[in-house]
Engineer: 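Got a structure here, written out as structure tokens. Questions coming.
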There are 2 protein chains.
Amino acid sequence: MTRSGGTLGGMPGRKTAETAGNRPATISDVARLAGVSVGTVSKALNGRGSLRAETRHRVLSAAEQLGFQPNKAAVALNSGRTYTVGMITTDTIGRFSIPLMMGAEDALGAGEMSVFLCDARDDPIREQYYLRTLLSRRVDGIIVTGRRTQARPPIGTGLPIPVVYAFISSTDKGDCSVVPDEAGGAAKAIDHLLAVGRRRIAHITGPEHHHSATVRAAAAADRLAEAGLGLAGPPLFGEWSENWGRQAAKIVLSGDNEIDAIFCGSDQIARGVADAVRASGRRIPEDVALVGFDNWDVMALGSQPPLTSVDMDLEKLGRTAAELLLAAIGGRPSPGRHTNPCRLVIRGSTAS
Amino acid sequence: MTRSGGTLGGMPGRKTAETAGNRPATISDVARLAGVSVGTVSKALNGRGSLRAETRHRVLSAAEQLGFQPNKAAVALNSGRTYTVGMITTDTIGRFSIPLMMGAEDALGAGEMSVFLCDARDDPIREQYYLRTLLSRRVDGIIVTGRRTQARPPIGTGLPIPVVYAFISSTDKGDCSVVPDEAGGAAKAIDHLLAVGRRRIAHITGPEHHHSATVRAAAAADRLAEAGLGLAGPPLFGEWSENWGRQAAKIVLSGDNEIDAIFCGSDQIARGVADAVRASGRRIPEDVALVGFDNWDVMALGSQPPLTSVDMDLEKLGRTAAELLLAAIGGRPSPGRHTNPCRLVIRGSTAS
DNA sequence: GTGAGGACGGAAACCGTTTTCCTAATTTTC
DNA sequence: GAAAATTAGGAAAACGGTTTCCGTCCTCAC
């Protein structure tokens with residue numbers, strides 16, 4: 001009695017004619033079993049040519065019985081398409097890369113694309129090594145991501161395949177980049193604070209040499225200026241840490257003019273600020289409202305009260321990057337800088 | 001004047017004969033330029049056969065000039081090896097997967113292997129889809145990771161390629177799994193608390209149905225029993241959240257018997273506990289010493305004082321998994337469960 | 001001067017698919 | 001009932017490498 005196990009759509013792990021150690025079935029195996037030529041098998045499997053229904057069915061069930069899966073390397077060889085893309089994270093895979101990667105991977109997976117993961121760890125040598133590897137693997141395209149939104153030199157010029165930068169952007173204006181609208185996000189934060197009646201707003205953020213810190217600070221100041229106001233004191237630049245948040249909050253709170261809100265450059269900073277505000281005997285949000293940035297769940301939700309925060313929607317951004325890459329691979333490139341709006345997530349730290 | 005740009009080891013982005021949109025050079029192009037046959041080019045590039053130094057050099061410089069990179073699909077086709085592995089994260093890519101992935105990717109990259117990233121999102125359908133895809137791509141092996149250390153059914157049986165489970169393990173004892181020694185880590189935490197003179201130790205941790213929670217709790221109790229002591233009250237099972245840490249700490253602190261240390265099932269819980277302990281007027285570590293688990297930097301370092309914590313050394317674990325996979329691919333499998341020791345990282349929350 | 005042997009490099013098979021012909025058989029048309 | 005049109009499926013080329021097998025030329029020994 002012949003086993004009929006191994007449906008095409010079924011569990012590949014199911015024991016079929018192909019057992020451990022056996023080499024995977026090839027199209028020739030299927031052809032032999034079905035009693036037809038390999039060309040016919042290919043046609044049956046791909047719905048090309050004209051075949052009798054009976055023949056097609058015989059091939060299909062032979063393929064099923066052997067658990068046949070076409071060798072993608074062979075397909076790639078004569079189609080010129082590998083249906084793979086490379087994802088290079090220029091710096092270490094971290095909190096920002098993950099949602100980006102997930103979004104991108106999801107969008108690509110739907111297009112039957114597989115993703116090569118490359119972690120360049122901030123090392124230009126590794127980066128170029130990976131680039132060479134990816135080119136050698138004939139990926140159909142590359143997504144470059146990184147922790148900083150600052151523009152960076154293109155990963156290569158005159159490459160034979162499209163490249164999309166996500167989160168980071170390329171200094172070459174002709175390259176396709178997808179970046180969050182950090183300035184818009186900061187503006188939304190300020191708008192919200194104004195809407196809940198705050199007027200004396202301080203800003204505590206990361207290092208001044210960090211692109212995100214300066215962009216967000218400038219946008220916040222601009223927005224207040226448009227409302228006929230100004231930041232309560234110059235922005236406090238420091239580090240992206242809770243510790244800095246605590247320190248800076250102490251400085252702000254000991255100042256002459258009572259502030260009624262603090263816009264923070266990150267959720268980590270906001271947490272530190274929250275600690276210091278509470279320690280000073282002030283209540284959040286009654287006395288001081290607090291807005292963070294990143295909407296990092298463990299920080300925003302672990303804080304007491306939970307933090308209102310600006311969400312850069314990184315997963316969407318990754319998805320968009322993937323879609324632009326797919327379009328470019330399909331011959332419809334979208335050069336230039338594409339910005340993705342931020343969302344403001346309102347929670348207890350500003351709820352009135 | 002002929003451009004000589006494009007060293008083999010140089011920047012692939014450099015403008016060479018191959019410019020944007022041009023198809024990558026093939027071995028035939030190199031052969032034509034060097035005035036030899038393709039077979040000779042292959043020999044020159046791979047150091048096979050016997051060639052005159054002059055010929056070899058001519059080929060090499062032709063390859064260099066064209067920026068030739070062998071098409072890996074073609075190589076895969078006749079070597080049977082793709083030099084790729086698949087990495088399936090059964091649940092969403094998160095805090096635990098990342099260091100694992102990074103360690104594995106690093107170890108594999110050194111072996112010239114590329115990694116396919118597959119995020120199964122806790123969906124068995126997606127998981128099987130990815131498995132099929134990977135098999136179709138003829139990866140040389142697969143690493144399966146996940147957020148939970150609990151054993152899971154094998155991803156497939158009778159697969160033609162080796163599989164290594166990292167962090168999670170397979171219920172099939174014959175499968176190769178690499179897991180952290182959570183019990184050992186918990187024991188180290190208890191040993192340390194005992195060493196700094198604590199005797200009344202409580203335990204607050206995650207949900208009782210979570211494997212890690214029960215294993216760590218049991219190991220802590222066992223270790224105390226060995227020392228002729230016991231936990232100060234039964235372990236408090238709840239959630240892996242700061243909020244639960246705060247709640248549980250209040251319960252513990254309001255008990256009859258004064259405790260002098262709390263061992264927490266995670267750093268997040270420990271942070272919540274720290275808040276509650278401080279709020280109760282007790283000092284850390286003088287009155288209550290605190291040990292967390294995971295050594296998650298933002299939590300452990302953001303806490304005040306910084307948390308002593310058990311580090312599962314996930315990057316090492318990922319690296320080990322990759323090495324075992326490489327060995328298995330090379331025909332030297334290491335079936336069974338391999339445990340990796342945890343490290344205790346001592347910080348202010350227990351410093352005497 | 002002849003035969004043996006080594007050095008060099010070309011021709012061709014092969015890996016697993018897809019696709020383009022092309023032939024043979026069947027059906028349609030008048 | 002013969003010519004034309006259609007259908008079914010096979011043979012072979014192509015994709016881009018690697019490897020095996022030979023043939024040619026040169027050198028050396030006798």
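Model, not experiment: these values are computed from the prediction. Lettering of chains follows the sequences in order, A, B, ..., and the numbering in each one begins at 1.
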Engineer: Can you list the residues that meet the salt bridge (charged side-chain N to carboxylate O under 4.0 Å, His left out) rule with B:Arg52, with sequence neighbours excluded?
Structural biologist: none

Engineer: I need a per-nucleotide contact map over nucleotides 17-22 of chain C, read 5' to 3'. Cutoff is protein heavy atoms under 4.0 Å; write B for the base, S for backbone only, - otherwise.
Structural biologist: BBBB--

Engineer: Tell me, please, which residues at least two apart from B:Asp123 pass salt bridge (charged side-chain N to carboxylate O under 4.0 Å, His left out).
Structural biologist: none

Engineer: Expressed as a whole number of angstroms, how long is the span from A:Leu66:CG to C:dG16:C1'?
Structural biologist: 15 Å

Engineer: Do any N or O atoms from the side chain of B:Gln128 and from the backbone of B:Ile155 form a donor-acceptor pair under 3.5 angstrom?
Structural biologist: yes

Engineer: For residues 97-107 of chain A, pull every pair meeting salt bridge (charged side-chain N to carboxylate O under 4.0 Å, His left out), keeping only residues two or more places apart or in separate chains.
Structural biologist: A:Glu105-B:Arg126, A:Asp106-A:Arg319, A:Asp106-B:Arg126

Engineer: Return each pair, listed once, that meets salt bridge (charged side-chain N to carboxylate O under 4.0 Å, His left out) where at least one residue sits in residues 53-62 of chain A; pairs must be two or more places apart or across chains.
Structural biologist: A:Glu54-A:Arg58

Engineer: Could you pull out all residues at least two apart from A:Arg152 that satisfy salt bridge (charged side-chain N to carboxylate O under 4.0 Å, His left out)?
Structural biologist: A:Glu127

Engineer: My understanding is that only residues two or more places apart in sequence, or in another chain, count here; which of them pass side-chain contact (heavy atoms from CB on, under 4.5 Å) with A:Ala166?
Structural biologist: A:Leu100, A:Ile143, A:Thr145, A:Leu317, A:Ala321

Engineer: Please list, chain by chain and in numerical order, all residues satisfying salt bridge (charged side-chain N to carboxylate O under 4.0 Å, His left out) with A:Arg48, sequence neighbours excluded.
Structural biologist: none

Engineer: Find every protein N or O atom lying less than 3.5 Å from an N or O atom of nucleotides 27-29 of chain C, and list the pairs.
Structural biologist:
none

Engineer: Check B:Val41, B:Val59, B:Leu66 against B:Leu33 for a side chain to side chain contact (heavy atoms under 4.5 Å, CB included) and give me the one that passes.
Structural biologist: B:Leu66

Engineer: Note down the inter-axis angle between the two ends of the helix from C:dG1-D:dC30 to C:dC30-D:dG1, five pairs each, to the nearest 10°.
Structural biologist: 60°

Engineer: Show me the pairs that pass salt bridge (charged side-chain N to carboxylate O under 4.0 Å, His left out) and involve residues 66-81 of chain B, at least two apart or across chains.
Structural biologist: B:Arg81-B:Asp140

Engineer: Under 4.0 Å from a heavy atom of chain B: give me the 5'-most and 3'-most nucleotides of DNA chain D that qualify.
Structural biologist: D:dG16 to D:dT20

Engineer: A:Leu77 CG to C:dC15 C1': how many Å, rounded?
Structural biologist: 9 Å

